[in-house]
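A, B, ... follow the sequence lines: proteins, then strands. Residue 1 opens every chain.
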Amino acid sequence: MNFIDVNSVVKQYDGHLALDHVDLHVPQGTVYGLLGPNGAGKTSLIRIINRITRADSGTVLLNGREMVQADIANIGYLPEERGLYKKIKVADEIVYLARLKGMPKALAISEMEKWLERFDLTEWRNRKVEELSKGMQQKVQFITTVIHRPQLLIFDEPFSGFDPVNAEQLKREIIQLRNEGSTILFSTHNMASVEEICEQITLINHSRVVLEGKVDDIKQQHKKNLFVVNVAGNEKIEAKDGLFDVVPSNDVQGSLIKLTKGATLHDAIAHLNDHHTLTGITEKLPSMHEIFIETVQNK
Amino acid sequence: MNKLKLIIQHEYMTIVGKKSFIIMTILIPFLLILLLFVPIMMKYINDKTDSSEMRIAVVDKSHNYGGAFKDNGRYRFELMSGDSMDKTYDIYKKASGRVDAIMVIPADVLESQQVELFSEKTLDESTVMYLNQCLTDTLSKAKIASFQDPDLANKISQSQVNASIKSKKWNENGEEQEQSATIASIIGMVLAFLTYTFVLSYGAMIMNSVVEEKTNRIVEVIVSSCKPMELMMGKIIGVGLVGLTQFAIWVVLIGIAMGVIGVMGIGADAASSADAMAMNMPETESTVASLMAALTSINWFSLLGNFIIYFVGGYLLYASLFAGFGSAVDQASDSSQFTMPIILIMMVALYAGIGCMSNPNGPMAVWCSMIPFTSPVVMMVRLPFDVPWWQLLLSIVLLFGTALLCIWISARIYRTGILLYGKKHKFKEILKWIK
């Protein structure tokens, strides 16, 4: 069951086509990556799902039915460009934004206290936002995004501005939210985090969807028949015509070989065993980073 | 609707809770009262305590009119022989500090009606006026005497006329009430100026708030929770309520302060010293009683009622423009390109208001009080002069109609503007957003 279905959405700004018949299908309870270079149309798409702007054509279904204005209470949005009111107190800020999402005041206050506790911010509750460090402000912003327990969470570059420790905590919180049943749409350039937490992705480039599917499947589709080979004594491996080439590489432990077209892994292993004492061989799948760059540059 | 209420509440509390707001709200009435009373009090204190005497040497070449100048607490005159051929400066030097000025009465003073006054320092206005008064009195007595008619002085004093006009107007019951055009003008101008400053300062507050939300990007979070129109209207209404709150506090504070001053009797003293100052000018026969009568003749209920109606209308009109154009600003420092035209229109309104003071029912006043962009200010000037009801009604309808139109236009600019970052926008582009 998909939680969001974006069907053939088109959005045009002043002669510029921001989204060109874009489809996006996010299954319920998953962390879904929305990828793409700057200016590809990610923010435009997110704003349409958020109902900040309207699509020129196409439909957005939430839980299988057409979205209505009231659905925004069910969405939490962390924009890439962070922003909070700087001059008001942390507690007031969180409660105000929670109530804007339709939370009753008493519930907003009790939830706010839980979340402040969870992020070690309780002693800051009566301080003005501008007195907090950047990392703490990011945490406050995260709380305002999730406090009303939305079924859909949209994170735009959630890790930017976090130090590694806080980023780790944030990652745990995101996974936790997913485990509790939230669907998470996750827009980022940080491909390492995509590999860690996203199950599926859609890659947008030049206003169009250029790649979409499960992370594992995409990696399989993009594999280049590369294998990391380890042999006893760290002997140098020579290329074998018709079987494999040796690819110079510094970032693997061992030697990197590329199977020649038509050759089988079985033959290669047999050949390697004949000449060396093979201690290990693993397939090297491309990273999402490589796939991203390759896909974006090819189009 | 609930969200609108929440936003209004938030905007209102954010401003009202600020220290600067609390301080300004309490301080300004006292500053105003100080501004009003300090000059009067200072003059009063100065007059009471100024004991320095001015010594004037009189060189009487006419041998007749030297006695015209009488000593009093402030001036002492010293008659000198008119035959001295010394230059006045030499006399002054010889006196070596005993005199401050030397007056020379020429032999033909009755014909020339002029004397000369020499001094090292510039003499103040009140001294010159006193001397002039003495000379005029004496010379006119001499002229009257020259007609050899013992009754003439009597006849002339009896024929002295000091005409004055006491204007009264009828109230609804046909009863007569005193009125004063001067006081009506002053009240009108004060209201006009209040409207001008309130609309501008609160309009600017809206713009800053819009620009701030946009530049720190929180607007994106907010509009993912509510409609841009709700945010804009919440802001306009919230800030407007702050304005009305501040106004109400000022009225109460000024009322209390005036009451306290009245009880302490400072006001009465100050008023009497103001009267004393005015004595040289007989046409301003302003006593506290006639001032009060004129003040009570004004229909304060309708005046303040209309003031609030125009204030609200003018505020909605300009505040929505400030909000709309504020949304097109990318950096706070760029906002002047949009505020300048709005401020210019407001200034035109203020000057039109000042211009209409002398003829509050003339064609310029009538037109400017109909045009919605100037009417909130200009109508204030006209209000104390009883505007025909149909003009008032038409003007209010036009004002609120235009305000609604401006809100509609601004809302359309706003919902596009707040989401476009990183670019300066021209008026031409902004016009496109309205479509």
Side-chain angles (χ1 to χ4, degrees), chain A residues 13-15 18 38-39 43-44 46-54 69-89 92-105 108 128-130 137 140-145 147-148 150 152-154 156, chain B residues 1-21 208-231 234-235 238 330 332 412 414-423 425-426 428-433 435:
Chain A
Y13 290 113
D14 221 1
N38 290 325
T43 304
S44 298
I46 288 174
R47 282 179 177 172
I48 286 168
I49 297 171
N50 255 327
R51 294 183 72 87
I52 292 176
T53 51
R54 230 154 269 226
Q69 186 66 23
D71 286 328
I72 57 172
N74 225 344
I75 301 178
Y77 175 37
L78 183 74
E80 178 178 7
E81 302 266 12
R82 305 299 152 73
L84 291 168
Y85 291 109
K86 306 274 183 217
K87 306 267 179 203
I88 63 175
K89 291 177 186 163
D92 294 344
E93 177 117 30
I94 296 173
V95 171
Y96 173 56
L97 293 174
R99 290 182 70 196
L100 264 187
K101 282 288 188 185
M103 254 184 140
K105 191 175 179 182
K128 282 186 185 166
V129 172
E130 61 187 355
Q137 289 188 19
V140 171
Q141 182 119 37
F142 181 79
I143 295 173
T144 64
T145 311
I147 187 167
H148 57 292
L152 174 62
L153 282 159
I154 301 174
D156 202 347
Chain B
M1 211 54 207
N2 252 339
K3 284 184 183 169
L4 183 64
K5 217 173 104 189
L6 198 61
I7 295 166
I8 292 171
Q9 201 183 350
H10 169 80
E11 293 291 335
Y12 183 86
M13 290 313 295
T14 309
I15 302 174
V16 170
K18 272 187 195 159
K19 277 192 199 107
S20 58
F21 174 83
N208 287 340
S209 159
V210 170
V211 173
E212 192 199 333
E213 274 181 3
K214 190 182 166 186
T215 49
N216 78 15
R217 307 293 196 248
I218 191 162
V219 70
E220 191 142 354
V221 175
I222 305 281
V223 294
S224 71
S225 310
C226 68
K227 291 185 193 140
M229 179 73 172
E230 286 175 318
L231 178 59
K235 203 176 276 300
D330 192 48
R412 298 184 81 84
Y414 184 81
R415 59 167 199 199
T416 309
I418 47 172
L419 295 172
L420 291 179
Y421 310 127
K423 217 174 115 192
H425 303 287
K426 298 199 181 96
K428 230 177 168 181
E429 279 175 74
I430 293 170
L431 290 180
K432 270 194 208 156
W433 301 348
K435 283 177 208 155

Practice item. Let me see the working for B/Met13 and A/Asp92 under side chain to side chain contact (heavy atoms under 4.5 Å, CB included), right down to the final yes or no. Key: CA-CA 11 Å; B/Met13 290 313 295; A/Asp92 294 344; over 6 Å; no
**Study point:** chain A contacts, top residue of B/Thr215, B/Ile7, B/Thr416 (heavy-atom pairs, under 4.5 Å)
**Key:** B/Ile7
Review point. With the threshold set at 4.0 Å, does a side-chain nitrogen-carboxylate oxygen contact exist between A/Arg47 and B/Glu220?
Key: yes
Review point. Could you state the interatomic distance from CG (A/Leu100) to NE2 (B/His10), rounded to the nearest 0.5 Å?
Key: 8.0 Å
Check your understanding: Counting heavy-atom pairs under 4.5 Å to chain A, which of B/Leu419, B/Val219, B/Val223 comes out on top?
Key -> B/Leu419
Revision key, fill the gap. Cut-off 4.5 Å, heavy atoms of chain B, and the answer for A/Glu93 is side chain
Review point. Of the listed residues (A/Arg51, A/Arg99, A/Gln69), which shares the most heavy-atom pairs with chain B below a 4.5 Å separation?
Key: A/Arg99
**Study point:** More than 12 heavy atoms from other groups under 6.0 Å of NZ on A/Lys86
**Key:** yes
**Study point:** Reported CD1-to-OG distance for the pair A/Ile49 and B/Ser224, which is rounded to 0.5 angstrom
**Key:** 12.5 Å
Check your understanding: Is it the side chain or the backbone of A/Tyr85 that comes within 4.5 Å of chain B heavy atoms, both, or neither?
Key -> both
Check your understanding: For A/Phe142, what residues pass the ring-ring contact (aromatic ring centres under 6.0 Å, His included) criterion, not counting sequence neighbours?
Key -> A/Phe119, A/Phe155
Point to revise | B/Thr14, part contacting chain A, at a heavy-atom distance under 4.5 Å | key: side chain
Point to revise | chain B contact via A/Thr43 - side chain, backbone, both or neither, heavy atoms under 4.5 Å | key: side chain
Practice item. Taking the side chain as every heavy atom from C-beta outward, state whether A/Gln141 and B/Val221 have any pair of such atoms under 4.5 Å apart. Key: yes
Exercise for review: List in chain and number order the residues that pass ring-ring contact (aromatic ring centres under 6.0 Å, His included) with B/Tyr12, two or more places apart in sequence or in another chain; answer none if no residue qualifies.
Suggested key: none
Point to revise | Under 4.5 Å from a heavy atom of chain B, the part of A/Thr53 involved | key: side chain
**Study point:** Point-to-point distance, once rounded to the nearest 0.5 Å, from NZ of A/Lys101 to SG of B/Cys226
**Key:** 9.0 Å
